[in-house]
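These notes are about the structure you will find just below.
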Amino acid sequence: MTSREKVEAGQRDEAWRSARQGHLHARPGTPRIEGALGLHPLGLSLGHDGIIYVPPGYRPDQPAPLAVMLHGAGGSAQHGLELLLARADEANVILLAPGSRGPTWDVIVDDYGPDVHFIDQALAHVFEQYAVDPARVAIGGFSDGASYALSLGIGNGDLFRHIIAFSPGFAVPPRRQGTPRIFMSHGTDDRVLPIDRCSRRLMQVFERAGQDVHYVEFKGPHVVPEEVTREAVRWWLEGSVH
């Protein structure tokens, strides 16, 4: 093995160690190349890849907000993307929707590792091509994706200043990093992840921890109503809701 190969192997080992600790390294910076507008695959994996959407109003000289959106169990990157796709053009936000390596996100079935590693690669890919506002990087999701967004977001709050959790079940952050603000919503008639055992219990935990949470309950099942997505994006980008 050459010296360069040893260095590269060491870097790969370090990346996997960080992934197993739930730690993301990628950060916004100055893009090296100019990425395309519109909807296209990440092209980082032959299976369970990811999707990126860049609105037509994006300009390289005006760093844009970025939301990493995570699908629920058994879903796909497309399902994650669709959570905020209808809001992307009007809010001029970039959406990144990775696909989980398995049927759901790693820590939900085992421990942190492969999904953290892929999300870190996906973020690095985006930051290499697009100017992103570091103060408006969010992570969000629905159902299992919301649980994972809470977990990874709280553990990487120095990157994700905002977390958008639609109908989460739980949160298992690897640690607390930074002070991310949280938007959390849940349907009172949810039979998949009952509100009493999930978001209402999470609210008690967050209140004890002094977490900044904007919490919304709505009359409905395990879904994400359009008006809730509008409120979430307004909360994220404007800092308040009216």
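Here the structure is a predicted model, which is why all the values come from computation and not from measurement.
Residues passing the side-chain contact (heavy atoms from CB on, under 4.5 Å) test with A149 are L70, I139, I163, sequence neighbours excluded. The side-chain contact (heavy atoms from CB on, under 4.5 Å) check on T104 picks up A73, I108, V109, D144, with sequence neighbours excluded. Taking the side-chain contact (heavy atoms from CB on, under 4.5 Å) definition, one finds that P63 meets it with A131, D133, sequence neighbours left out. For D115, the salt bridge (charged side-chain N to carboxylate O under 4.0 Å, His left out) test picks out R101, with sequence neighbours left out. For P134, the side-chain contact (heavy atoms from CB on, under 4.5 Å) partners are P28, not counting sequence neighbours.
For the salt bridge (charged side-chain N to carboxylate O under 4.0 Å, His left out) condition, the pairs that include at least one residue of residues 41-69, sequence neighbours left out, are R59-D61. A ring pair (Phe, Tyr, Trp, His ring centres under 6.0 Å) check over residues 68-91, counting only residues at least two apart or in different chains, returns the pairs H71-W105. Screening residues 148-170 for salt bridge (charged side-chain N to carboxylate O under 4.0 Å, His left out) gives R27-D158 as the qualifying pairs, with residues at least two apart or on separate chains. For residues 29-66, the pairs satisfying ring pair (Phe, Tyr, Trp, His ring centres under 6.0 Å) are Y58-Y130, with sequence neighbours left out.
In the hydrophobic clustering (ILVMFWY side chains linked at under 4.5 Å, chained through shared members), V192 is joined by L193.
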Please set out all donor-acceptor pairs under 3.5 angstrom arising from side-chain atoms of residues 31-39, sequence neighbours excluded.
from, atom 1, to, atom 2, distance (Å)
R32, NE, E128, OE2, 3.3
R32, NH2, E128, OE2, 2.3

For residues 204-213, run the donor-acceptor check on the side chains, cut-off 3.5 Å, and write out each pair with its distance to 0.1 Å, sequence neighbours left out.
from, atom 1, to, atom 2, distance (Å)
Q211, OE1, R176, NH1, 2.6
Q211, NE2, P180, O, 3.2
D212, OD2, R181, NE, 3.2

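Under 4.0 Å is where a charged nitrogen must lie from a carboxylate oxygen, and between R87 and E231 no such pair does. A salt bridge links D189 to K219: at least one charged side-chain nitrogen sits closer than 4.0 Å to a carboxylate oxygen.
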